[in-house]
Amino acid sequence: MARTIAPAYDPQLIEPKWRAAWKQAGLFRVVEDPAKPKFYNLVMFPYPSGPLHMGHFRNYVIGDALARYKLMRGFNVLNPFGWDAFGLPAENAAIKSGIPPRVSIEGNIAISKHELEIMGVLYAWDREVTTCNDDYYRWTQWLFLKFYEMGLAYKRTAAVNWCPKDNTVLANEQIVNGVCWRCGTKPTKKELDQWFFRITAYAQRLLDDLRKLDRWPERVRVMQANWIGRSEGAELDFAVEGQDTALRVFTTRPDTIFGVTFMVIAPEHPLVATLATPDQRKDVDAYIERTRAATEIERLSTEHEKTGVFTGAYAINPYTQERIPVWVADYVLATYGTGAIMGVPGHDARDFAFATTYRIPNREVISATGEAQATPLTAAFESYDGRLVNSGPYNGLSCKDGFERIAADAERRGIGKRTITYRLRDWLISRQRYWGVPIPMIYCPDDGIVPVPVTQLPVLLPAEVKFRSDGQNPLVHTDAFVNTTCPRCGTPARRETDTMDTFVDSSWYYLRYTSPHDGTAPFDKAKADFWMPIDQYIGGIEHAILHLLYSRFFMKVLFDAGMVSVDEPFGALFSQGMIQRKGAVMAKSKGNGVAPDDMVARYGADTARVYELFIGPPELDAEWNDRGVDGVARFLNRAWRLVVGEEEAPASGEGQLTGADLRRKLHETIDKVTRDIDAFRFNTAVSALMELTNLMQDYIQGGGARDEAWDAVCRDLARLLAPFAPHLAEELWERLGGAPLCALASWPVVDQSELRRSTVTVVVQVDGRLRDRIEIPAGAGEADALALARRSANVERVLEGRPVTRTIFVADRLINLVTR
RNA sequence: GCGGGCGUAGCCGAAUUGGUACAGGCGCACGGCUUAGGACCGUGUGGCGCAAGCCAUAAGGGUUCGAGUCCCUUCGCCCGCACCA
């Protein structure tokens, strides 16, 4: 036989060809087809910030592999992509460089699209959504108006972070190390009129429905539950001595009511003004002034020492009639509960710390033993396991019973009630920024706040504005935008100049994908109903709370509005780990990124893709290893040589594998790869394919023939490779005479009969210790297997004639002879 | 502090869910090919031991015929929330 030189595996030669073929075939161009099972596959859309690196690509590769696999499994796969294109970075770049945000965003989108393309990552580009385009944001505005109509969008005054030098509001993220990120000034609090979404109205449903999300990572569900932060407790009224007013507190421990030795109200509490006695007023005012200067971050820090000031006022404990001093302290938050607490230093660590500082006594009212101690407590006993002491008629009750009885008595006496409080706050969506969706509201001197009629949408964001060096929203100074007329009375009026938080844009984009060109509604209900919920959502853990919670909230609101038929958007969620290199997360700013263009030029897209999948369990962070990429390149090269090569095998003859061995390994691999992809174990799927090619190599080296049966194995190898190394798979598929496209071929099916073995290796243990391995006929019964095992010389020697008292038999696997 | 998770070769990591610990890859060693190569191909590779064998999944204990896997204690690391009454 003539020795022929197999063409070398050259990704540069084959990859562009197949990308063109996929484009022509329109792999993910889909319509609603009830005849096929649907699969809505979605990767979180990115902010187009410029060139991507291989760290970004991990989830795109995972998503692409899954989409391709589902396609081969016969699903009708919706696999769209888009751009979260509004937001601060583009606006800041514009202030700095003068390049309009839209221009830089479009440039960045073009770069990212090119990178996705050369990596062989495919999407339904005919459904592309870009949030800064008016054919999208008009519907964001439409939805805002819907929320407004439903009473879920409202405006109120709220304290925000304010930079006195830049004369602007700062988002929490814009406070770096306690100071303004731009000028280094310490921000203060300022009361401003802001738009909110009433997400708190959905707190309980958002909490309850976490139970439905059994295909979400546990940690994400826990984080959301903690964020919502449900607390059961009671509100109780304390009459203020000498005043016709009551101080209402929220507590989760009404059972400790007899342990109250002081009370605290937040500095922002409305009663502060009237509560302070004349001789204490000066101190109180000074304290409030001081805390106002403190940032939220400082205030919320546990390191922050507790401070406070006595108001001079006393409240009356409604259960003991004791006089209780009322303090003002900033460890109590005005925005949680009632903004006032009862201080129980004996049973709350924070109250204990405060009481220690100001020499306020503590009183034990819960005792683990049921007996009160003779001496004061030296630390807060916060346990719920104990009995009430020093608590008058409630003595001896368990905490739970004490809670119930004391709360019930308060309700009967009309001085309180059981309540449930959430940590979740309403969602502040106002941004004093240009590059976002204009809030479609108008301020009329006569009619007040008037929504823009939906027929007048979109409220267009002006393309030309003058950016200001002081960071102020340029929309405020754009007269052509601001000046309008009242839709109700026609008199001159002003537009709202705030824009929406970009998280509003991303809370519903997945619905727009189902009917991206609809000119009459945000989305077509029938189409949304067909595709929703998303079958697999893939994205970074950094969105565990905000984006995912907001989207869940949106979906529930739209469900209540009758616009969708499911009330959870994401059926399954996967959060991939980050890629690190040189000891840090891969990032542009760290200079440790690997560019996809470089990877494609050096190794080809397939090697880059397979390496990203092979690098480790996809949910864990992984270290990028340049040498590891070489290993994957070797693997794909081997696959190529096995299929395309025609070299004569070196006649080793030893350890020759049979065709049955080859086919068994193939079907074991089909089985494993299929199960691994379904379980998101791409790393082990790739290693299974490596094992297969290693065995194929052994087969050929042992003198195995490249006959028709071999070719059949090769065709299945190509199909198994297709989700991971799609270009190579196509090339192999074509050379093997496969039908038009491997990407459209059906996924290989396991032939159970090929998995069968005539003999199996069974482990023989004596007292649980491995003593021998024996080859026995597959499916042998206990008696036969045992007889064969006892023939082992090794086993006999170890037994030394000791009687076997018991035997454990696991068919085709293990025999354990027990002598004790 | 509260909550979630993790700890297996020199490194990244497998382990059919209680049944042969370390698959696959990196690295390393040796060999082949080569003018040469850090390229490519092949073979080997947990430790101790001549061997039988013994030891080994953070440490210690327990349950079990059998534990990386289940339970308890301790140590270490990562992530989230963090004065939420």
Side-chain angles (χ1 to χ4, degrees), chain A residues 8 217-227 229-231 233 249-253 256 264 299-306 329-333 335-344 347-351 353-354 382 421-425 541-542 544-545 577 611 614-617 619-632 634-635 637-638 641 647 650 652 668 671-672 675 681 683-691 693-694 697 701 761-773 794 797-798 804-810 813-820:
Chain A
E218 170 74 10
R219 63 172 168 159
V220 175
R221 281 183 293 164
V222 168
M223 280 162 72
Q224 291 215 350
N226 291 342
W227 187 263
R230 178 190 156 105
S231 288
V249 301
F250 173 71
T251 178
T252 55
R253 296 299 301 270
T256 63
V264 180
R299 238 184 104 172
L300 293 184
S301 164
T302 24
E303 312 303 323
H304 185 53
E305 201 169 316
K306 289 183 176 50
D330 70 352
Y331 82 92
V332 171
L333 307 173
T335 48
Y336 183 78
T338 61
I341 63 153
M342 56 186 216
V344 185
H347 302 283
D348 182 282
R350 298 153 304 181
D351 295 345
F354 185 80
E382 293 188 307
T421 298
Y422 302 90
R423 300 176 58 174
L424 185 69
R425 309 292 162 77
I541 190 71
E542 67 273 19
I545 293 175
Y611 180 62
F614 184 60
I615 193 165
E619 69 278 12
L620 300 182
D621 287 357
E623 174 76 18
W624 182 278
N625 176 354
D626 293 332
R627 306 294 293 271
V629 181
D630 291 323
V632 168
R634 279 193 278 272
F635 157 58
N637 251 299
R638 166 174 287 182
R641 284 198 315 275
E647 303 102 296
S652 79
E668 283 170 358
D671 186 44
K672 171 133 183 79
R675 282 187 289 112
R681 288 192 297 246
N683 53 326
T684 50
V686 172
S687 33
L689 288 167
M690 288 173 168
E691 280 188 58
T693 53
N694 289 351
Q697 175 91 4
Q701 289 198 327
T761 305
V762 167
V763 168
V764 184
Q765 298 178 335
V766 175
D767 294 331
R769 299 192 69 99
L770 175 68
R771 294 302 173 185
D772 205 355
R773 296 183 173 89
N794 223 16
R797 193 178 47 71
V798 174
V804 173
T805 57
R806 195 179 155 194
T807 59
I808 309 289
F809 174 73
V810 183
R813 188 156 231 146
L814 167 140
I815 294 161
N816 189 8
L817 306 172
V818 185
T819 68
R820 43 190 156 86

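Just so we're on the same page: letters track the sequence lines, and every chain starts at 1.
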[Y] side chain reached by [X] side chain, heavy atoms, under 4.5 Å:
{"X": "A:Q765", "Y": "A:I808", "value": "no"}
{"X": "A:F809", "Y": "A:V762", "value": "no"}
{"X": "A:R219", "Y": "A:I541", "value": "yes"}
{"X": "A:D348", "Y": "A:E382", "value": "yes"}

Strictly under 3.5 Å: I want the nitrogen or oxygen pairs between protein and nucleotides 11-14 of chain B, one per line.
from: B:C12; atom 1: O2'; to: A:I615; atom 2: O; distance (Å): 3.2
from: B:A14; atom 1: OP1; to: A:N683; atom 2: ND2; distance (Å): 3.4

Atom [atom1], compared across [N] and [M]: separation rounded to whole Å:
{"N": "B:G1", "M": "B:C83", "atom1": "C1'", "result": "11 Å"}
{"N": "B:C11", "M": "B:C48", "atom1": "C1'", "result": "23 Å"}
{"N": "B:U69", "M": "B:G32", "atom1": "P", "result": "46 Å"}
{"N": "B:C70", "M": "B:G19", "atom1": "C1'", "result": "15 Å"}
{"N": "B:G38", "M": "B:C12", "atom1": "P", "result": "26 Å"}
{"N": "B:C72", "M": "B:C79", "atom1": "P", "result": "26 Å"}
{"N": "B:A67", "M": "B:G60", "atom1": "P", "result": "15 Å"}
{"N": "B:A23", "M": "B:C30", "atom1": "C1'", "result": "23 Å"}

Specify the residue among A:R813 and A:N694 whose closest nucleotide of RNA chain B lies further upstream toward the 5′ end. A:R813
Pick the closest RNA chain B nucleotide for A:G768 and for A:F250 by heavy atoms, then say which residue is nearer the 5' end.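 Of the two residues, A:G768 wins.
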Anything under 3.5 Å between a protein N or O and an N or O of nucleotides 52-57 of chain B, put it in a table, one pair a line.
from: B:G53; atom 1: OP1; to: A:R797; atom 2: NH2; distance (Å): 3.2
from: B:C54; atom 1: OP1; to: A:R771; atom 2: NH1; distance (Å): 3.4
from: B:C54; atom 1: OP1; to: A:R771; atom 2: NH2; distance (Å): 3.3
from: B:C55; atom 1: OP2; to: A:R769; atom 2: NH2; distance (Å): 2.5

On a heavy-atom basis, which atom in A:I545 and which in A:M223 lie closest, and how many Å separate them? CD1-O, 4.0 Å
Shortest non-hydrogen separation from A:G337 to A:F250 and the atoms involved: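 In terms of heavy atoms, the two residues are closest at CA-CB, 4.0 Å.
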Please determine, by modelled atom types, if A:N226 and A:R423 share a side-chain donor-acceptor pair under 3.5 angstrom. no
Nearest-neighbour nucleotide for the [X] side chain, [options] considered:
{"X": "A:R773", "options": "B:C81, B:G24, B:U20", "result": "B:U20"}
{"X": "A:F614", "options": "B:C79, B:C26, B:G25", "result": "B:G25"}
{"X": "A:N226", "options": "B:A15, B:G4, B:G3", "result": "B:G3"}
{"X": "A:R423", "options": "B:C79, B:C81, B:C41", "result": "B:C81"}
{"X": "A:R638", "options": "B:G19, B:G42, B:G24", "result": "B:G42"}
{"X": "A:M223", "options": "B:G80, B:A85, B:G42", "result": "B:G80"}

Is A:D630 salt-bridged to A:R634, cutoff N-O under 4.0 Å?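 Not counted as a salt bridge, because no side-chain N and carboxylate O are separated by less than 4.0 Å.
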Is the phosphate of [N], meaning OP1 or OP2, less than 4.0 Å from a side-chain N or O of [X]?
{"X": "A:R219", "N": "B:G80", "value": "no"}
{"X": "A:S231", "N": "B:A85", "value": "yes"}
{"X": "A:Q697", "N": "B:G42", "value": "yes"}

What does the list of N/O pairs under 3.5 Å between the protein and nucleotides 36-38 of chain B look like, with a distance for each?
none

Let me know the distance between OH of A:Y336 and C1' of B:C81, rounded to the nearest Å. 14 Å
Ring pair (Phe, Tyr, Trp, His ring centres under 6.0 Å) partners for A:W624, two or more places apart: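 With sequence neighbours excluded, A:W624 shows a ring pair (Phe, Tyr, Trp, His ring centres under 6.0 Å) to A:Y611, given in chain and number order.
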Mind checking if A:R634 touches a base, just sugar-phosphate, or nothing, with heavy atoms under 4.0 Å?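 Sugar-phosphate, no base atom in range.
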Taking side chain to side chain donor-acceptor pair (under 3.5 Å) as the definition, give me every residue that meets it alongside A:R425, ordered by chain and number, with sequence neighbours left out.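 Only A:T335 meet the side chain to side chain donor-acceptor pair (under 3.5 Å) criterion with A:R425.
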Reading 5' to 3' and counting Watson-Crick or G-U wobble pairs with both distances under 3.5 Å, write the dot-bracket notation for RNA chain B, | for bases paired outside the strand. (((((((..(((......[....)))((((((.......))))))(((....)))..(((((..]....))))))))))))....
